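See structure below.
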Amino acid sequence: MEPMPADGTYRSLSFWMDTVPGSLSPGDPLPGDLAVDVAIAGAGLTGLWTAYYLANAEPGLRIAVCEAEIAGFGASGRNGGWCSALFPASLAKLARQAGKDAAVAMYRAMQATVDEVGRVVAAEGIDCHWAKGGTVQLARSATQLDRARAEVAEAREFGFGEDDVRLLSGDEARELAAATSVLGGTYTPHCAAVHPARLVRGLAQVVRGRGVQVFEQTAVTELGPRALRTQNGTVRAEYVIRATEGFTPALPGMHRAVVPVYSLMIATEPLAGPVWEQIGLAGRPTFGDGRHLIIYGQRTADGRLAFGGRGAPYHLGSAVRPSYDRVPAVFGALQQTLGELLPAVADAKVTHRWGGPLGISRDWCASAGLDRASGLGWAGGYVGDGLSTTNLAGRTLSDLILDTGSDLTRLPWVNHRSRQWEAEPLRWLGINAGLRAMSWADRAEGRTGRPSRVASVMGRFVGG
Ligand SMILES: Cc1cc2nc3c(=O)[nH]c(=O)nc-3n(C[C@H](O)[C@H](O)[C@H](O)COP(=O)(O)OP(=O)(O)OC[C@H]3O[C@@H](n4cnc5c(N)ncnc54)[C@H](O)[C@@H]3O)c2cc1C
């Protein structure tokens with residue numbers, strides 16, 4: 001990673017980091033060699049939830065988290081704030097891999113995870129602006145409406161009812177989010193809007209209070225059985241957990257495990273009351289539409305629109321650099337899309353622009369696992385659905401380490417191994433071609449009103 005200055009520059013990482021209370025000055029780095037029970041690389045939500053559940057289950061356990069920058073530096077402090085029940089692999093795909101019951105159990109576990117995050121933030125007093133207003137996915141063309149119907153039909157096949165996801169008429173959808181060209185959509189109650197930096201920074205404070213040692217500005221240079229090496233010393237531990245998501249390819253031997261794909265966001269100035277009366281989003285449901293190259297938005301607690309999407313290029317060799325967080329053309333496209341979607345916002349000032357890498361495994365299936373023989377564990381590959389999934393990962397890794405034999409450890413993503421990504425330059429060619437195909441397909445669908453076959457083929461490379 002390119003070094004990041006150790007001062008207020010961390011504020012510029014996102015609107016969320018800019019507005020999170022408290023200092024962003026890094027905490028102490030690892031002072032030298034150390035022996036603990038569990039060592040974790042990465043203080044994003046994966047690492048911190050794992051530490052949280054372990055420390056709760058066994059208060060005497062010695063846990064150390066080594067973070068290259070500061071807690072919440074990665075995607076956890078920069079995302080769209082959808083704490084949702086979404087999972088990157090579809091029900092049908094999970095059913096093919098592990099059977100129908102396992103697929104349903106995975107999706108039910110995700111729904112329960114949303115409430116578990118809500119329970120913990122309330123219990124621990126983490127003020128992350130939690131609002132469980134669900135998600136409205138707008139259908140703004142006939143093809144998007146067909147996809148919405150297919151999504152609901154698939155949910156019904158697997159036994160998910162109206163309380164889980166339902167089809168909306170045009171009027172019902174517009175009532176929730178008064179966007180242009182709305183023909184219908186879907187609504188699920190299983191999502192909360194949050195201020196993600198308040199969540200991750202608050203969680204870091206809670207785990208520190210439980211005795212977990214969080215060392216900042218301590219980059220891990222190598223993860224191995226029973227040891228995690230850093231530039232400051234070695235942490236020896238019975239269990240070593242990789243929680244580095246989009247940054248993983250920089251670790252030795254890991255360069256083809258996941259790819260970092262960038263998602264970028266903008267936030268407007270606070271919008272006036274009459275503008276909100278036009279738009280809706282009362283109760284702060286998160287929102288998007290049915291296009292291939294996904295977009296996502298939330299009404300923030302202080303009345304802004306935070307809005308994001310993919311489309312930034314993938315960089316050769318899975319490189320991750322601060323300069324890749326900002327792509328003016330993508331910011332421009334996001335602002336234009338937001339204005340088309342919600343014309344009442346078209347002239348609003350954009351106060352923040354940012355981005356970050358998320359992690360995608362080759363088969364688009366997130367996983368959490370532990371190799372008991374080596375003591376090495378991991379979780380990641382969440383694509384754009386990690387905010388809540390990291391909590392399920394943390395509980396699962398805790399149960400695997402403590403060998404509780406819980407139901408969580410039998411979910412189909414546990415110990416799932418995705419194959420490696422292709423070697424370069426094939427990876428670069430495939431991913432960027434996929435991104436371009438998705439954006440091309442969205443434009444073509446807008447023109448012809450017919451579904452694009454290109455997108456469904458290429459989308460499996462980088463869609464989602
Ligand atoms: C712009 C954007 C929008 C998103 N929107 C949503 C959303 O609305 N909902 C949703 O569910 N998901 C969303 N996601 C995805 C979600 O944010 C991530 O899946 C989730 O935060 C991953 O958490 P993590 O802890 O695994 O990884 P990260 O938060 O990326 O944390 C990894 C940490 O590891 C540290 N690290 C890396 N390498 C090293 C090393 N060698 N040594 C020590 N530390 C290291 C990093 O500095 C970082 O702090 C979004 C992502 C982005 C980028």
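Nothing here was measured: the structure is a model prediction, and the numbers come from that model. FYI, side chains are in, hydrogens and waters are out, and symmetry mates aren't considered; it's all heavy atoms of this structure. When a ligand or atom number is given, it counts from 1 through the structure's own listing order.
Near G80, meaning under 4.0 Å from any of its heavy atoms, are these atoms of ligand 1: 3 (C), 4 (C), 5 (N), 6 (C), 7 (C), 8 (O). Using a 4.0 Å cut-off to heavy atoms of C66, the atoms of ligand 1 that qualify are 43 (C), 44 (N). Ligand 1 places these atoms under 4.0 Å from at least one heavy atom of L45: 25 (O). Per-residue contacts place A219 under 4.0 angstrom from the following atoms of ligand 1 (heavy atoms of the residue considered): 42 (N). The atoms of ligand 1 that sit less than 4.0 Å from any heavy atom of G356 are 53 (C).
Polar contact check, F247 against ligand 1: no nitrogen or oxygen pair lies under 3.5 Å apart. Considering backbone and side-chain N/O of T390, none are found under 3.5 Å from N/O of ligand 1. Ligand 1 has an N or O atom lying under 3.5 Å from an N or O atom of A75, backbone or side chain. Taking only nitrogen or oxygen atoms, main chain and side chain alike, A41 does not reach within less than 3.5 Å of ligand 1. Looking at G246 next to ligand 1, no N or O pair under 3.5 Å apart turns up. The distance criterion of under 3.5 Å between nitrogen or oxygen atoms is met by N79 with respect to ligand 1. Below 3.5 Å of separation, one finds an N or O of G386 facing an N or O of ligand 1.
Residue contacts with ligand 1 for Y382 involve side-chain atoms from C-beta outward but no N, CA, C or O (heavy atoms, distance under 4.0 Å). The proximity of L251 to ligand 1, defined as any non-hydrogen pair under 4.0 Å, is limited to the side chain.
In this structure, V120 and Y53 have side chains that are in contact, with non-hydrogen atoms separated by less than 4.5 Å. No side-chain heavy atom of R229 sits less than 4.5 Å from a side-chain heavy atom of C66. With a 4.5 Å cut-off on side-chain heavy atoms, H352 and S14 do not count as touching.
Remark: Q97 CD is packed, more than 12 non-hydrogen atoms of other residues, nucleotides or ligands lying under 6.0 Å away. Crowding of W428 atom CH2: a count of heavy atoms from other residues, nucleotides or ligands under 6.0 Å not exceeding 12.
Between atom 23 (O) of ligand 1 and the options A85, S76, G44, the minimum heavy-atom separation is to S76. Taking each of L358, V200, L387 in turn, the one with a heavy atom nearest to atom 11 (O) of ligand 1 proves to be L387. Closest heavy-atom approach to atom 39 (C) of ligand 1 among the candidates T244, V261, V194: T244. Of the candidates E222, E67, E69, E67 brings a heavy atom nearest to atom 47 (O) of ligand 1.
Closest of all the heavy-atom pairs between D325 and Y262 is OD1-CE2, 3.2 Å. A pairwise comparison of heavy atoms in I266 and W354 identifies C-CZ3, 3.8 Å as the closest pair. H416 and C365 make their closest contact through NE2-CB, 3.7 Å (heavy atoms, listed as atom of the first residue, atom of the second, distance).
The closest approach between a heavy atom of T218 and any atom of ligand 1 is below 4.0 Å.
Below 30°, between 30° and 60°, or above 60°: for H315 and Y324 the angle between ring planes is below 30°, a parallel geometry. Ring-plane geometry between F73 and F247 is classed as tilted, the angle between the planes lying from 30 to 60 degrees on a 0 to 90 degree scale. W413 and Y382 have tilted rings, their planes meeting at an angle from 30° to 60° on a 0 to 90° scale.
T337 contributes atom OG1, which lies 9.0 Å from atom CG of D289 (distance to the nearest 0.5 angstrom).
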